[in-house]
Amino acid sequence: MDKQEKFYVTTPIYYVTDAPHIGNTYPTVAADIIARWHRLRGEKVFFLTGTDEHGEKVQKAADAAKEEPKVFVDKISLRYKEAWKTLGISYDKFIRTTDPEHLDAVARFISKLVENGDVYKGQYEGWYCVPDESFFTELQLKDGKCPDCGREVKRVKEDSYFFKLSKYQDRLLELYDKNEDFLSPKLRRQEVINRVKGGLKDVSMTRTTVKWAVPFPGDKDHFVYVWVDALINYISALGWPDGTFKVFWPADVHIVGKEINWFHSVIWPAMLMSAGIELPAMIFAHGWWTSEGKKMSKSLGNFVDPVSLSSKYSVDAIRYFLMREMPFGEDGDFSEESLKARINGELVADLGNLVYRVLTLAEKFDGKFDGSADLEKHLDVVGIDESMDRLDYYGALEKIWAFIRSSNKYINDNKVWSLKGAEMSNALYNLLEACRICSILLYPFMPDTAQSIAQQLGVEMGTLKDCKFGAFTGKPKRGKMLFEKVLTK
RNA sequence: AGCGAGGUAGGGUAGCCUGGAGUGCCCGCCGGGCUCAUAACCCGGAGAUCGACGGUUCAAAUCCGUUCCUCGCUACCA
């Protein structure tokens, strides 16, 4: 269980043209859980999230809101912070790409690429939709027209600085080959490798038309394209090249959405190679949610909002559901019916009921809780820890739930309610220890619930080291039910 | 089109790499048990020609080939 002493996890930084919704909540909750897990292991953890605030789309959104870009992004950035507070996100730093330190780091980073001869001036060619003021690649066009509005596009050329991505093809392939976990989950691995094998084109990294951006060092007509700016947040947040950068870099995992996997799995490591900076250990691309079976889209207005859901149900239920409904990395569907089914079936009937019945029995018993660890054989802490190493939250929860079910079964099989004396003491010892260990294992997923369990057991919240049967020293006192049953339909 | 993933009981999955009686898990359904517990918990049962065709083998969900279907990625959507 003793892995590295430090752990650095990041979420994508979220583009401020949208309010928080399930799409950005999902990786944020996932990062929060893995950060909390590593804290339970006793590691020094740095958990970074933030907002991506530059670019043309932000500029336009600010214009539409009749606000200065900075005023606009301040507002939205705050909404993210509020949402994360509601959802119990324990980030260590919230970076904004408009932070002065970040702007400075971007300029220095790019100068480094220039020094190393990986940046050259060329011409960017693309299709431009005048009314939308947007560039598109050949592939993005829909029947030769603007994919957004369907109007005519025109071929334009503009000066641009390029990053020599092509130069790093072999080194990238070597990286993927040597480090199997770099491209995670496995399902994404071959997809990226084959595309890289197919050849890499140098990428345009500046624009002259977008002014709401970081100035390009050494050429005042150019501004850094948002994706370059955004990627650098992972090191600028640490104060690269000094400060906590020295403690926490390289990142142990960058959690990203599959749509931005290319940038993180290919372009970002190439940029780091060019700058002579160590590479992150893992890029984990998660899947997407549909909403009630339909793709979430602005036109349908069907974005799932976990913040408002969390006031209707509970934060912990939402956090649990996000990790339990589908394996991290795959796609899945969000439906309120399914959420209710998991609350009633798993949180109420399995977990909540277990804790409640155990505490009822324990309160009635007058004596010490002592015995031999009969239930421990159903507990697979090592397996759970290994699942968490792979960010397999789904697998970890499956194992935790197997233990919860075994504990419920133990009560029935042994007719615990009818036991007396030493037999009762032994049974309650096992059950109370089971609940205590569950409180620890569940803590990263459902912090409030876990703390409530610990409190009702009358014990301090433990760490991963305490996930083994030992002496039960608590003073159980039943409190309120962990989860209330919700009405279906 | 290219590349990738997948098709296992009513739904969702594991098993496939390293062949060995369709073996497991969750939900749903039917029946039973129990009464500590939030109509909660526990047990049992029904339900699958493992997408289709062909091959290898004593033996195929598992290996090989073909085929049909679904989904994802393809360079700034979480």
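All heavy atoms count here, side chains included; hydrogens, waters and symmetry mates do not. Proteins come first, then strands; the chains are lettered A, B, ... in the order of their sequence lines, and each starts at number 1.
Residue contacts for Gly23(A): at a heavy-atom cut-off of 4.0 Å it reaches a base atom on one of the strands shown. At a threshold of 4.0 angstrom between heavy atoms, the contacts of Leu482(A) include nucleobase atoms, whether or not backbone atoms are also involved. No engagement by Gly332(A) is indicated, since no non-hydrogen atom pair under 4.0 Å with the nucleic acid exists. Among the heavy atoms of the strands, none lies under 4.0 Å from Trp401(A).
Closest to the Ile260(A) side chain, of the nucleotides G72(B), A78(B), A40(B), is A78(B). Nearest to the side chain of Gln190(A), among A40(B), G4(B), C77(B), sits G4(B). Closest contact between the side chain of Trp262(A) and the listed nucleotides U38(B), C77(B), A75(B) involves A75(B).
Nucleotides A46(B) and C36(B), compared at atom C1', are 31 Å apart to the nearest Å. Nucleotides C73(B) and U49(B) are separated by 32 Å at their P atoms, to the nearest Å. If you take atom P in C16(B) and the same atom in A59(B), they sit 22 Å apart, rounded to whole Å. Remark: the separation of the C1' atoms in G33(B) and G10(B) is 26 Å, to the nearest Å. Look at the C1' atom in both U8(B) and U23(B): the space between them is 12 Å, to the nearest Å. G22(B) and A60(B): their P atoms are spaced 9 Å apart (whole Å). The same atom, C1', is picked in G7(B) and in A14(B); the two are 15 Å apart, to the nearest Å. Rounded to whole Å, the separation between the C1' atoms of U62(B) and A21(B) comes to 14 Å.
Taken to the nearest 0.5 Å, the CG atom of Asp374(A) stands 12.0 Å off from the CD atom of Glu433(A). With values rounded to the nearest 0.5 angstrom, Leu359(A) atom CG is found 10.5 Å from Lys477(A) atom NZ.
A distance below 6.0 Å separates the ring centres of Tyr26(A) and Trp289(A). Aromatic ring centres of Tyr393(A) and His286(A) lie farther apart than the 6.0 Å criterion allows.
Residues passing the ring pair (Phe, Tyr, Trp, His ring centres under 6.0 Å) test with Tyr356(A), sequence neighbours excluded: none.
Other residues, nucleotides and ligands place no more than 12 heavy atoms under 6.0 Å from the CZ atom of Arg79(A). Shown here is Glu363(A), whose CD atom has more than 12 heavy atoms of other residues, nucleotides or ligands within 6.0 Å. Residue Lys211(A) qualifies as enclosed at atom NZ: its count of foreign heavy atoms under 6.0 Å is above 12.
In this entry the distance linking CG of Leu487(A) with P of A40(B) reads 12 Å, nearest Å. A5(B) atom C1' lies 9 Å from atom CD of Glu330(A), rounded to whole Å. To the nearest angstrom, P of A5(B) lies 21 Å from CH2 of Trp288(A). Put simply, NZ on Lys57(A) is 13 Å from C1' on A78(B), counting in whole angstrom units. One atom, CD1 of Ile13(A), and another, P of C77(B), lie 14 Å apart when rounded to the nearest Å. Put simply, CG on Asp413(A) is 10 Å from P on G44(B), counting in whole angstrom units. Straight-line distance from the CG atom of Leu322(A) to the P atom of A78(B): 17 Å, rounded to whole Å. Look at NE2 on His264(A): it is 17 Å from P on C73(B), rounded to the nearest Å.
For C34(B), there is no paired nucleotide, since no Watson-Crick or G-U wobble pair has both relevant distances below 3.5 Å. Using the Watson-Crick or G-U wobble rule with both distances under 3.5 Å, A52(B) pairs with U66(B). With a cut-off of 3.5 Å on both Watson-Crick or G-U wobble distances, the partner of C25(B) is given as G12(B). Nucleotide G72(B) is matched to C3(B) when pairs are restricted to Watson-Crick or G-U wobble geometry with both distances under 3.5 angstrom.
Where Val226(A) and Pro327(A) meet RNA chain B, the nucleotide closest to each residue was compared, and Pro327(A) sits on the side nearer the 5' end.
Although no hydrogens or angles enter the test, the distance criterion places no donor-acceptor pair under 3.5 Å between the side chain of Asn24(A) and the main chain of Pro20(A).
Remark: Lys409(A) is not in phosphate contact with C41(B), judged by side-chain N or O atoms under 4.0 Å from OP1 or OP2.
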Please tabulate, one pair per line, each protein N/O and nucleotide N/O from nucleotides 23-30 of chain B that are separated by under 3.5 Å, including the distance.
{"residue": "C26(B)", "atom": "O3'", "partner": "Arg405(A)", "partner atom": "NH2", "Å": "3.3"}

Identify the pairs formed between an N or O of the protein and an N or O of nucleotides 33-37 of chain B at a distance under 3.5 Å, and give each distance.
{"residue": "G33(B)", "atom": "N2", "partner": "Asn412(A)", "partner atom": "ND2", "Å": "3.3"}
{"residue": "C36(B)", "atom": "O2", "partner": "Arg357(A)", "partner atom": "NE", "Å": "3.0"}
{"residue": "C36(B)", "atom": "N3", "partner": "Arg357(A)", "partner atom": "NE", "Å": "3.4"}
{"residue": "C36(B)", "atom": "N3", "partner": "Arg357(A)", "partner atom": "NH2", "Å": "2.6"}
{"residue": "C36(B)", "atom": "N4", "partner": "Arg357(A)", "partner atom": "NH2", "Å": "3.2"}
{"residue": "A37(B)", "atom": "O2'", "partner": "Asn353(A)", "partner atom": "OD1", "Å": "2.6"}
{"residue": "A37(B)", "atom": "N1", "partner": "Arg357(A)", "partner atom": "NH2", "Å": "3.3"}
{"residue": "A37(B)", "atom": "N3", "partner": "Asn353(A)", "partner atom": "ND2", "Å": "3.4"}
{"residue": "A37(B)", "atom": "N3", "partner": "Arg357(A)", "partner atom": "NE", "Å": "3.2"}

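Side-chain N/O atoms of Ser452(A) and Gln456(A) include a donor and acceptor closer than 3.5 Å. One side chain, Thr51(A) or Ser77(A), offers a donor N or O that lies under 3.5 Å from an acceptor on the other.
A salt bridge between Lys340(A) and Glu337(A) is absent, with no side-chain N of the basic residue lying under 4.0 Å from a carboxylate O of the acidic one.
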